[in-house]
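What follows is a set of notes on a single structure, which appears directly below.
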Amino acid sequence: MANGGSVSVDICEEDYDYQNLGESGPSRGSFQLFKEPACNGQGNPEDIQMEMFTKNSDTSDSESTSSSSSKESSNGYQVRSLQRNNWSSATRKMLSSMPSRKTGLHSSTGMAVRARQTCALPKHQTSSRDSLHIPRATQADITSPEFEEISTEDEANNLAGSGLWCAETNKEQLVSDFRGLSESEGMRKLRAMPLSLADKMEIRKHCFSPLAKNSVINRNVPCHNLPCMYLSRMWRHCRYTPRFSTSLKLWNSSMKKLSGRYGTGVLSYFTFLRTLLFINLLFFIITFLFLVLPQAIHPPPDSHRTSFSWIELLTGIGYLSQSLMFYGYYSNITIKATSITSMVPYCIPTAYVFTTTISFFTICIILVYSMSKSFGKSFQVFKSDGNLSENVFCSWDFKVTKKPSIRLQSEKISTQLKEQLSELTSGEEERTLMQRFRNFLVHVAAWFICLASIFFSALGVYLLSKKAISKMHQNLDLLFMAAVVSGFNLLLPGIFNFCAWIEKHNSPSTRVYVSIFRNLLLKISIIGVLCYHWLGKIAVEQDPQVSKCWENFVGQELYRLLLMDFIFTVLYTFLGEFVWRIFSQKILRKNRKPVFDIARNVLELVYGQTLTWLGVLFAPLLPAVQIAKLFVLFYMKKNSLLLNCQASKKPWRATRMTTVFIALLFFPSFLGAAVFVAYTVWIIKPSSECGPFRNLTNMLESVKLWADRMKDHHQILSWLIRAYNAFTDNPLFLFLPSGVFLLVIYFRIQVVDGQRRIIRRLEKQIDDEGKDKKFLITQLQYLYEENTPNSSHRHRGR
Amino acid sequence: MGTTASQLAKDSLSEYQELTFLTKQEILLAHRRFTELLDRDERNHPNPRVPMEVILTLPELKSNPFKTRICQVFSTSEDKDGSLTFEDFLDLLSAFSDSATLEIKSHYAFRIFDFDDDGTLDCGDLEKLVNCLTGETEDTRLSSEEMRQLISNILDESDIDKDGTVNLSEFQHVISRSPDFVSSFKIVL
């Protein structure tokens with residue numbers, strides 16, 4: 001239970017009070033509720049166990065408890081099987097028709113059987129139903145075996161009638177449930193019911209037969225209705241396939257193969273990669289259509305092309321810098337050439353700012369939405385520590401199909417359960433003061449090593465960035481800095497892993513979070529240093545090495561970083577996984593393959609995405625590079641995984657980690673890039689000799705100029721512009737929405753609080769009801785026995 | 001109703017689409033895989049029923065420790081022998097599909113884990129469940145002491161009305177706390 005052991009212990013103690021009331025509890029026999037008609041008398045192998053009177057004195061041999069219950073008695077949790085041969089039929093009927101025993105049992109077979117029964121049995125047998133007060137069947141069905149059993153023991157009419165009555169009410173109730181609904185709603189409800197397909201088709205025929213003529217499957221449609229019918233069919237299909245992400249069917253078969261072998265954790269990495277691919281695709285489409293294409297069709301007049309050499313593909317200078325790839329190519333022309341644009345002249349600088357802003361805004365909304373959905377899935381109203389039952393019921397991954405992976409999964413679950421059980425029995429081991437002090441020292445030392453390495457790598461990057469670039473080895477110098485950054489990103493996580501290994505954290509999730517934090521700190525510090533260098537130094541001062549167009553330089557730096565990161569990932573996959581596996585198999589003769597480190601790989605993806613977002617203002621085609629990179633990365637990682645790695649033995653909570661990763665993508669990565677771009681657009685003066693914003697004080701000014709020009713020409717635009725100005729100038733417009741948001745958040749928190757309180761109260765109520773139920777049943781049986789002492793013998797004799 | 005020999009009638013296809021959580025491609029793929037399991041003379045039968053041993057040769061089910069229970073739960077045969085018709089097979093895939101609701105999945109999970117089919121998970125069911133989860137080898141199996149403790153802890157945590165068994169509502173209550181259940185209770189052809 002969510003509240004932990006304390007509540008249940010109290011209840012157990014109270015039960016002893018009930019038990020000690022000393023009523024003449026019924027002697028024990030076997031309590032056969034769901035006896036199948038075939039086997040009789042000997043007692044079920046699994047008796048239904050009810051926590052009833054535990055008369056310690058009456059440990060008679062009639063007790064044919066199953067082995068587990070007798071063991072449990074020693075544990076203090078008194079569960080004895082109640083064994084009664086001679087429970088009255090009334091009691092048994094009552095118990096068998098308890099709602100909690102009926103929900104969802106044998107629904108398909110029962111439903112089908114009863115559907116046939118209602119047709120077969122004549123209707124006049126309903127007269128005897130008044131004598132019984134069997135509670136109305138819930139929407140889920142009643143087992144048919146138990147009715148068969150009871151009808152053999154009692155008057156057939158009575159129970160056949162009652163069974164029929166129940167079946168009829170059940171069917172009637174189901175049909176009436178659907179009566180009020182429209183067809184689509186009814187279909188949706190029917191789909192969500194746990195019945196077999198045959199039963200569903202029957203219900204559909206009964207409930208929707210008049211409508212069936214108009215349904216999709218009827219093909220005799222008059223011609224003039226054809227377009228409407230076609231439209232409604234398309235709409236119906238769209239609604240019934242709620243997954244609008246049918247476009248995300250890319251790579252489905254590969255991912256199924258991977259999940260079959262490695263489980264959900266590794267799958268979440270590849271899903272994340274696919275999501276990033278689509279985000280980049282969206283970004284690229286917006287930028288391409290509205291910025292790159294117009295500029296490509298109308299090339300600027302002053303472009304001159306130098307010759308092309310292959311090394312420039314890596315460094316980004318030379319030919320590429322004069323192309324659509326980088327900022328410098330774009331001009332501040334206003335296209336008036338075609339007929340459409342003579343109405344609304346297409347202004348390239350404005351388009352530049354708008355496409356970037358709108359793309360960022362769209363992606364912000366997408367990320368916040370997916371983050372909130374993911375958070376909603378993994379949020380629990382009660383944080384329960386005792387999640388053994390959760391582990392047992394939910395941890396089996398049905399997607400895993402390969403035999404060795406299944407074995408590994410069983411090992412994983414077994415280890416997890418054993419660890420949790422040992423934690424419960426032994427509890428926190430008492431560590432001596434010396435041990436605790438030593439642990440503390442080790443922690444401090446590990447953190448010191450990590451922080452020092454991060455600091456020195458950031459310092460190294462900073463110093464390197466200030467170094468002058470010689471004209472002789474220009475290419476190599478440029479690439480050197482990017483290589484150094486990627487090198488740090490590759491080596492330092494190894495140091496962090498070593499530190500984590502000597503630290504020996506208590507739980508594996510702490511270890512994962514700590515390693516994520518350290519990696520994140522490294523990447524943030526390196527990128528932070530670089531951003532400071534670019535915006536603080538290069539943009540402001542006229543650095544001679546930058547050759548007059550600083551935006552191009554920054555764009556090229558980011559391009560180089562992205563490419564180097566990719567090259568180093570390829571190298572690491574090849575060396576780290578492939579060669580290591582060959583090495584360990586042939587030379588070290590161990591059969592252990594390396595394990596795929598999910599956290600580290602996801603952080604690599606987030607890092608690459610951050611670079612893309614930072615660079616898109618200066619190199620509009622950078623998302624295309626990222627798309628190509630992600631595409632190749634997918635196949636490379638997949639093949640390397642299948643060849644070289646084995647599944648991990650540690651449990652991985654996929655949904656929670658996915659929430660963490662999307663949050664990481666949003667919070668440091670996207671927001672950081674957005675702040676960087678906003679700062680650049682707002683504050684920094686663009687270079688005066690290249691790009692669409694030459695001779696302006698900042699990039700935003702181009703929009704203001706455009707707005708001024710447009711105001712005079714077009715009504716709607718001028719109205720929009722006026723509204724926008726009013727919106728941004730008046731601070732009230734900022735406070736009002738924030739105030740509303742805060743109020744909504746406050747209300748939600750209160751609702752969650754209220755729900756927690758209600759849940760607690762309901763749990764207590766269920767407990768009390770359970771006790772009432774037990775009490776009433778035993779009282780009922782006791783009274784029956786008091787009244788008819790002879791007939792009980794007769795029953796026993798039968 | 002039922003499927004014709006080698007291809008699915010359009011009426012049936014759209015009806016299956018409306019009544020299950022599967023898309024059209026998934027239904028067609030399921031039909032193809034199902035007919036591959038039949039031998040030649042069975043293929044002309046209007047509503048063929050495939051015995052359990054043949055179903056269990058499917059690679060998606062072959063090594064699953066719950067394979068027999070899955071077949072028994074979804075089987076509509078009178079003898080309860082786990083044989084499946086095509087519609088039972090679709091039921092199976094629908095419950096294990098991507099878009100099935102949590103209620104459906106937890107309902108069928110409950111029935112799969114209910115080894116003795118009595119409508120509740122009692123100690124015997126839980127013991128069999130844990131043995132399926134931990135596998136066959138000696139070192140992964142739980143000792144009887146650990147098993148006893150595990151079962152009593154599970155009942156402590158999930159048995160709200162304290163009757164010694166876990167019924168469907170209590171099971172669904174536990175499942176609702178785990179966000180990973182929906183993604184792990186999936187089988188894709």
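Every heavy atom of this structure was used, including side-chain atoms; hydrogens, water molecules and symmetry mates were not. Naming: A, B, ... by sequence-line order, numbering from 1 per chain. These numbers were taken from a predicted model, which means no experiment stands behind them.
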Value for CZ (B:Arg148) from CG (A:Leu421), rounded to nearest 0.5 Å, stands at 11.0 Å
First locate atom CD of A:Gln420, then atom CG of B:Asn153, and finally report the distance between them rounded to the nearest 0.5 Å.
-> 9.5 Å
A:Phe398: which of B:Phe181, B:Tyr108, B:Phe66 passes ring-ring contact (aromatic ring centres under 6.0 Å, His included) | B:Phe66
Is it the backbone or the side chain of B:Leu189 that comes under 4.5 Å from a heavy atom of chain A, or both, or neither?
-> backbone
Check: A:Lys256 side chain, B:Val188 main-chain N or O, donor-acceptor pair, under 3.5 Å = yes
Just wondering, do B:Arg177 and A:Ser389 contact through their side chains at under 4.5 Å, heavy atoms?
-> yes
What part of B:Glu103 is in contact with chain A, defined as an atom under 4.5 angstrom from a non-hydrogen atom: side chain, backbone, both or neither?
-> neither
Against chain A, label B:Ile104 side chain, backbone, both or neither, depending on which of its atoms sit under 4.5 Å from a heavy atom there.
-> side chain
Select one option (side chain, backbone, both, neither) describing which atoms of B:Leu13 are under 4.5 Å from chain A's heavy atoms.
-> neither
Under 4.5 Å to a heavy atom of chain A? For B:Phe21 that would be both
Would you call B:Lys62 and A:Lys402 a side-chain contact if the rule is heavy atoms closer than 4.5 Å?
-> no
Choice from B:Leu133, B:Val166, B:Val182 maximising heavy atom contacts with chain A below 4.5 Å | B:Leu133
Does some side-chain heavy atom of A:Met187 sit less than 4.5 Å from a side-chain heavy atom of B:Leu19?
-> yes
Contact winner vs chain B - A:Thr415, A:Val400, A:Val392, A:Ile413, heavy-atom pairs under 4.5 Å | A:Val392
Partner chain A: residue of B:Val130, B:Thr20, B:Ile187 with the largest heavy-atom pair count (under 4.5 Å) = B:Thr20
When the 4.5 angstrom heavy-atom criterion is applied to B:Ile70 and chain A, the contacting part is side chain
Max heavy-atom pair count under 4.5 Å with chain B, selected residue of A:Lys200, A:Lys403, A:Glu769, A:Lys418 = A:Lys418
Looking only at heavy atoms, what is the nearest atom pair of A:Lys399 and B:Ser183, with distance?
-> NZ-O, 2.6 Å
Is the shortest heavy-atom distance from the side chain of B:Thr134 to the side chain of A:Ser410 under 4.5 Å?
-> no
For the pair B:Glu87 and A:Met201, evaluate side-chain contact (heavy atoms from CB on, under 4.5 Å) and give the outcome as yes or no after the intermediate values.
-> CA-CA 11 Å; B:Glu87 286 173 358; A:Met201 293 201 281; 3.0 Å; yes
With side chains defined as the heavy atoms from C-beta onward, is the minimum distance between A:Arg204 and B:Glu18 less than 4.5 Å?
-> yes
pair B:Gln17-A:Arg191: side-chain heavy atoms closer than 4.5 Å | no
Can you check side-chain contact (heavy atoms from CB on, under 4.5 Å) on A:Thr401 and B:Asn64, steps first, answer last?
-> CA-CA 7 Å; A:Thr401 51; B:Asn64 197 319; over 6 Å; no
Mind listing the closest non-hydrogen atom pair of B:Asp91 and A:Leu197 along with its distance?
-> OD2-N, 2.8 Å
Check each atom of B:Ile175 against the heavy atoms of chain A and say whether the ones under 4.5 Å are side chain, backbone, both or neither.
-> both
Can you measure from OG1 (B:Thr140) to CD (A:Gln409) and round to the nearest 0.5 angstrom?
-> 12.5 Å
Distance from A:Ile766 atom CD1 to B:Glu170 atom CD, nearest 0.5 Å?
-> 7.5 Å
Under 4.5 Å to a heavy atom of chain B? For A:Leu267 that would be neither
Checked B:Leu142, B:Val174, B:Asp180 vs chain A; the most non-hydrogen pairs under 4.5 Å come from B:Asp180
Decide if the gap between the ring center of A:Phe393 and the ring center of B:Phe110 is smaller than 6.0 angstrom.
-> no
Greatest number of non-hydrogen atom pairs under 4.5 angstrom with chain A, of B:Ser94, B:Ala109, B:Ala95, B:Pro65, falls to B:Pro65
